[in-house]
Amino acid sequence: MATFTLESPEIPVTLPEGLSKEKLLAFPPFNNWVRTLSRSLSLQRARAAHPFHADPYALRSVTVQSYDEFGGGRLGFVKLAADVRNGGGERLPGSVFLRGPSVAMLVVLVPDDAAADVDDERYVVLTVQPRVPAGSLAFVELPAGMVDDGGSFAGTAAREIREELGLEIPASQLRCLSDMAVEGWEGQKNDDGADEKLPAAVYPSAGGCDEHVPIYLHERRVPRAQLGEWTGRLTGLRDHGEKITLKLVRMRDLWREGGRDAKCLAALALWEGLRRENKL
């Protein structure tokens, strides 16, 4: 195992065999995590009303325990332990799984002959696919995908819709529900008003993972006869191990049909909340 000193903050970082300093520092999720955590930690001293102001916590060291690579040797996942302690020696839980952001897409189809008030005839496209970490071979969820290094959220959403649903939708025609939910609001704040500047996105497992998921919406009218063609359609990139079957459900049943998927429930809550405030 090798150790190097991070420049900012100046702390030791221990690496497992096979992982170089250069590869870790070229991994955007690691840099984003360090930057976000450092900003949040700095607020303790800057704000007298901060609950940890009297004895602030600090990031003391990082130990990278394991990592996975994608094709071409590109770093994909990193598991690390962060030592975050205050002056009194009290620790904060610091087991971290870094994978970076993803996007999720709420794609709503409406029959072209439906009345103007179409609440009862909105249909949502879900995917059914193997999810080994969940122990499932038929996990029902919203279409979603990881954001590649340097990729845009909207661009990734458009690509995933094309790959998983077979729909060509320009990124400019997607609406980010997550951004809309925080418009006119300064962002995620703790009680003393200090802005931690977290992304406008859903964190499915903030206790252990950095993944955050902005949710996009696209609604379109389609021929009624075409609706039946969606359920059971096989899609996905087979050479990437994707074996996806599509499922069409009524919007009113989405809470039940997608009840195991955090992205799905978050999308439904955002959609309903934005409609109540006449933003959709």
Side-chain angles (χ1 to χ4, degrees), residues 27-33 35-36 70 74-77 98-110 122-127 129 141-188 195-206 209-222 230 233 235-237 240 242 244 246 248 251 254 258 261-275 277-280:
F27 185 47
F30 177 76
N31 296 318
N32 292 337
W33 170 75
R35 182 167 51 251
T36 303
F70 293 161
R74 180 168 59 93
L75 203 56
F77 302 134
L98 296 177
R99 55 164 292 158
S102 302
V103 295
M105 290 73 67
L106 179 63
V107 177
V108 182
L109 304 178
V110 180
R122 280 189 167 91
Y123 296 85
V124 177
V125 184
L126 299 177
T127 61
Q129 61 185 309
E141 60 186 309
L142 280 191
M146 294 179 65
V147 178
D148 293 334
D149 297 349
S152 70
F153 287 108
T156 299
R159 185 196 71 217
E160 292 295 330
I161 289 173
R162 181 178 66 252
E163 293 176 356
E164 296 192 2
L165 307 184
L167 283 173
E168 290 285 349
I169 302 173
S172 60
Q173 293 182 15
L174 297 173
R175 305 179 72 182
C176 184
L177 299 181
S178 301
D179 284 344
M180 294 173 66
V182 298
E183 284 177 359
W185 182 48
E186 293 179 2
Q188 177 66 38
D195 190 353
E196 293 188 333
K197 297 183 179 178
L198 297 181
V202 175
Y203 282 74
S205 186
C209 183
D210 72 317
E211 183 185 22
H212 49 282
V213 188
I215 297 174
Y216 285 82
L217 167 71
H218 179 74
E219 181 172 313
R220 67 161 58 180
R221 286 182 174 263
V222 298
W230 288 88
R233 181 189 295 182
T235 66
L237 301 179
H240 288 191
E242 295 180 344
I244 298 172
L246 300 185
L248 202 64
M251 176 69 85
L254 185 59
D261 179 32
K263 305 182 300 297
C264 188
L265 296 179
L268 182 58
L270 288 171
W271 184 81
E272 290 181 341
L274 289 166
R275 292 191 79 208
E277 300 205 353
N278 297 316
K279 294 183 177 180
L280 281 178

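- In this structure, CG on L270 lies 12.5 Å from OH on Y216, to the nearest 0.5 angstrom.
- Note that CG of N32 and NE2 of H212 are 7.0 Å apart. Values are rounded to the nearest 0.5 Å.
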- Message: Show, in sequence, the C-alpha distance, side-chain angles and deciding distance for L217 and M180, and conclude whether the side chain to side chain contact (heavy atoms under 4.5 Å, CB included) test is met.
- Response: CA-CA 11 Å; L217 167 71; M180 294 173 66; over 6 Å; no
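- Within the 4.5 Å cutoff, the side chain of V213 has heavy atoms near those of the P204 side chain.
- Every salt bridge (Lys or Arg N to Asp or Glu O under 4.0 Å) that R275 has, sequence neighbours left out, goes to D119.
- Residues L126 and L246 have side chains not in contact (no heavy-atom distance under 4.5 Å, counting atoms from C-beta outward).
- Closest approach of A201 to P214, counting heavy atoms only: CB-N, 3.5 Å.
- Scanning all heavy atoms of the two residues, the minimum distance from I169 to H218 falls at CD1-CD2, 3.1 Å.
- For G155 against A171, the heavy-atom pair with the smallest separation is N-CB, 4.1 Å.
- Contact annotation: the side chain of Q129 approaches that of E141 to within less than 4.5 Å [non-hydrogen atoms, C-beta and beyond].
- By the salt bridge (Lys or Arg N to Asp or Glu O under 4.0 Å) test, R175 is found to be paired with no residue, residues two or more places apart in sequence or in another chain being considered.
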- Start with the C-alpha gap between L198 and Y203, add the side-chain angles, then the distance that decides, and say whether side chain to side chain contact (heavy atoms under 4.5 Å, CB included) holds. CA-CA 10 Å; L198 297 181; Y203 282 74; 4.1 Å; yes
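- For the pair C264 and L254, the tightest heavy-atom approach, listed with the atom from each and the gap, is SG-CD1, 3.3 Å.
- In this structure, the separation between CG on L75 and CZ on F27 is 4.5 Å, given to the nearest 0.5 Å.
- Interatomic distance, R122 CZ to W271 CH2, rounded to the nearest 0.5 Å: 5.0 Å.
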- Task: Evaluate the side chain to side chain contact (heavy atoms under 4.5 Å, CB included) criterion for residues L268 and M251: first the C-alpha distance (whole Å), next the side-chain angles of each, then the deciding distance (0.1 Å), finally the verdict.
- Result: CA-CA 9 Å; L268 182 58; M251 176 69 85; 3.9 Å; yes
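- Taking every heavy atom of both residues into account, S178 and A200 meet most closely at CB-O, 3.2 Å.
- In this structure, CG in L177 is found 7.0 Å from CD1 in I215, a value given to the nearest 0.5 Å.
- For D261, the salt bridge (Lys or Arg N to Asp or Glu O under 4.0 Å) partners at least two apart in sequence or on another chain are K263.
- Residues L109 and L248 share a closest heavy-atom pair of CD1-CD1, 4.1 Å.
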- Query: Between L142 and M105, is a side chain to side chain contact (heavy atoms under 4.5 Å, CB included) present by the stated rule, with each step listed?
  - Reply: CA-CA 6 Å; L142 280 191; M105 290 73 67; over 6 Å; no
